[in-house]
Amino acid sequence: MLHHGIYYSTFSETFDKCFIRDDRYKLLLSGIGVTVKVALLAAAMGLVIGFIIALFNLSKKKPLNLIGKIYTDIIRGTPSVTQLMIIYFVVFATVNWEKWIIAAIAFSINSGAYVSEIIRAGILSIDKGQTEAGLSLGLSKSQTMMNIIVPQAVKNIFPAMCNEFITLIKETAIVGYVGLVDIQKAGDFIKSATYEAFMPLIATAIIYFVIIKVLTLVLGRVENRLRKSDQR
């Protein structure tokens, strides 16, 4: 019993020191906000970039195709942390924007390369007969793409897009390199202030796990609804 009492006392003291004292839990709450903001904006912009690059990669026009391939090769061939630092410290060095917006732009550029390949694969998965049918109805190539091909491709690529978004959330853990206090950086600050490593790191891991688990459940329900609509 004594050992259990000592353990409980040690645990509660460490918990108090890491999260309650000096309102350190507020660092984590603020970090969650930063992570969510960066991830959501990056996902939205990455989707737009990815769609444009996918069309470039599918284009029969050589200049557009070349731009798409160069972009995809460079972004997929370099580390995301390097890209983040180049965007922040070089490209936007003289721009007076909020740090989280610049970070979101960097992540959107990175995500766009992967999203473009997902979208490209989704479009190619649609039977060519669908395109021919659209053209035979008098639709232009762009109308056929937007009204017939893309809606069908969206359902095919939805699971892969969900995985990309989840990966994006975890990748935002490197924003501390440009001075942003996200979940990971908040945990690091608590660790440095308290000289306690275990509890801040475990708390950080739990927060990421909960966010991703909730997101996975929500996206899973959306995917199930899409499947049910197909069956009807």
Side-chain angles (χ1 to χ4, degrees), residues 38-95 97 99-136 139-175 177-178 215 219 223 226:
V38 171
L40 286 176
L41 183 57
M45 292 192 295
L47 184 61
V48 175
I49 293 170
F51 183 70
I52 293 170
I53 297 300
L55 294 180
F56 280 13
N57 286 331
L58 291 168
S59 176
K60 292 181 180 179
K61 296 178 180 178
K62 288 186 178 181
L64 294 179
N65 194 266
L66 183 62
I67 290 170
K69 286 183 178 179
I70 290 173
Y71 172 86
T72 305
D73 285 346
I74 291 175
I75 298 301
R76 295 179 71 186
T78 53
S80 55
V81 64
T82 305
Q83 295 165 18
L84 172 65
M85 295 177 79
I86 289 173
I87 294 294
Y88 187 85
F89 292 111
V90 179
V91 178
F92 286 90
T94 58
V95 178
W97 288 3
K99 290 181 179 181
W100 75 270
I101 295 176
I102 297 174
I105 291 171
F107 284 113
S108 71
I109 292 170
N110 177 271
S111 181
Y114 295 92
V115 169
S116 69
E117 289 300 288
I118 294 171
I119 293 175
R120 186 178 68 87
I123 291 172
L124 290 175
S125 71
I126 305 301
D127 191 276
K128 289 183 178 179
Q130 298 287 330
T131 302
E132 293 171 0
L135 295 174
S136 68
L139 297 176
S140 65
K141 287 185 178 181
S142 60
Q143 288 175 326
T144 302
M145 176 65 71
M146 297 305 299
N147 296 321
I148 297 177
I149 305 302
V150 171
Q152 293 182 68
V154 166
K155 293 180 180 180
N156 292 343
I157 66 175
F158 188 78
M161 292 295 291
C162 292
N163 289 334
E164 172 58 25
F165 184 42
I166 289 169
T167 300
L168 179 60
I169 291 175
K170 290 185 285 188
E171 284 189 348
T172 61
I174 63 173
V175 295
Y177 280 95
V178 296
L215 185 63
L219 293 176
E223 184 182 349
L226 288 174

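The figures here come from the full heavy-atom set of this structure, side chains too, leaving out hydrogens, waters and symmetry mates.
Residues F51 and L47 fail the side-chain proximity criterion, which asks for heavy atoms closer than 4.5 Å. Contact of the F107 side chain with the I174 side chain is registered, since non-hydrogen atoms from C-beta on lie closer than 4.5 Å. Residues L58 and L124 are in side-chain contact: their nearest non-hydrogen atoms beyond the backbone lie under 4.5 Å apart. Residues I53 and T72 meet the side-chain proximity criterion, which asks for heavy atoms closer than 4.5 Å.
The two residues A104 and V38 come nearest to each other via the heavy atoms CB-O, 3.8 Å. Between A54 and S116, the closest heavy-atom pair is CB-O, 3.4 Å. The shortest heavy-atom contact between A106 and L84 is CB-CD1, 3.8 Å.
For the atom pair CD1 of I149 and CG of D127, the computed distance is 8.5 Å after rounding to the nearest 0.5 Å. Between the CD atom in E164 and the CD1 atom in I169 there is a gap of 10.5 Å [rounded to 0.5 Å]. Residue M161 holds its CE atom at 10.5 Å from CG of L168, rounded to the nearest 0.5 Å. To the nearest 0.5 Å, the span separating CG on N57 from CD1 on I123 amounts to 10.0 Å. The line from NZ of K99 to CD1 of I101 is 13.0 Å long, rounded to the nearest 0.5 Å. Between the CZ atom in R76 and the CD1 atom in I74 there is a gap of 13.5 Å [rounded to 0.5 Å].
In this structure, Q152 contributes its side chain and I148 its backbone to a donor-acceptor pair below 3.5 Å. At distances below 3.5 Å, at least one donor-acceptor pair connects side-chain atoms of Q83 with backbone N or O atoms of I75. A donor-acceptor contact shorter than 3.5 Å is absent between the side chain of S111 and the backbone of S108. Listed for the N65 side chain is a donor-acceptor partner under 3.5 Å among the backbone atoms of S59.
E171 meets the salt bridge (Lys or Arg N to Asp or Glu O under 4.0 Å) test with no other residue; sequence neighbours excluded.
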Carefully, step by step, assess F158 and L219 under the rule side-chain contact (heavy atoms from CB on, under 4.5 Å). CA-CA 9 Å; F158 188 78; L219 293 176; 4.2 Å; yes
Go through the steps to decide whether V115 and I49 satisfy the test side-chain contact (heavy atoms from CB on, under 4.5 Å), and finish with yes or no. CA-CA 8 Å; V115 169; I49 293 170; over 6 Å; no
Dump the intermediate steps for side-chain contact (heavy atoms from CB on, under 4.5 Å) on V175 and W100, then the final yes or no. CA-CA 8 Å; V175 295; W100 75 270; over 6 Å; no
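The ring-ring contact (aromatic ring centres under 6.0 Å, His included) contacts involving residues 61-92 comprise F92-W97, where partners must be two or more places apart or lie in separate chains.
Using a 3.5 Å distance cut-off with no hydrogens or angles, the side chains of S125 and N156 do pair a donor with an acceptor.
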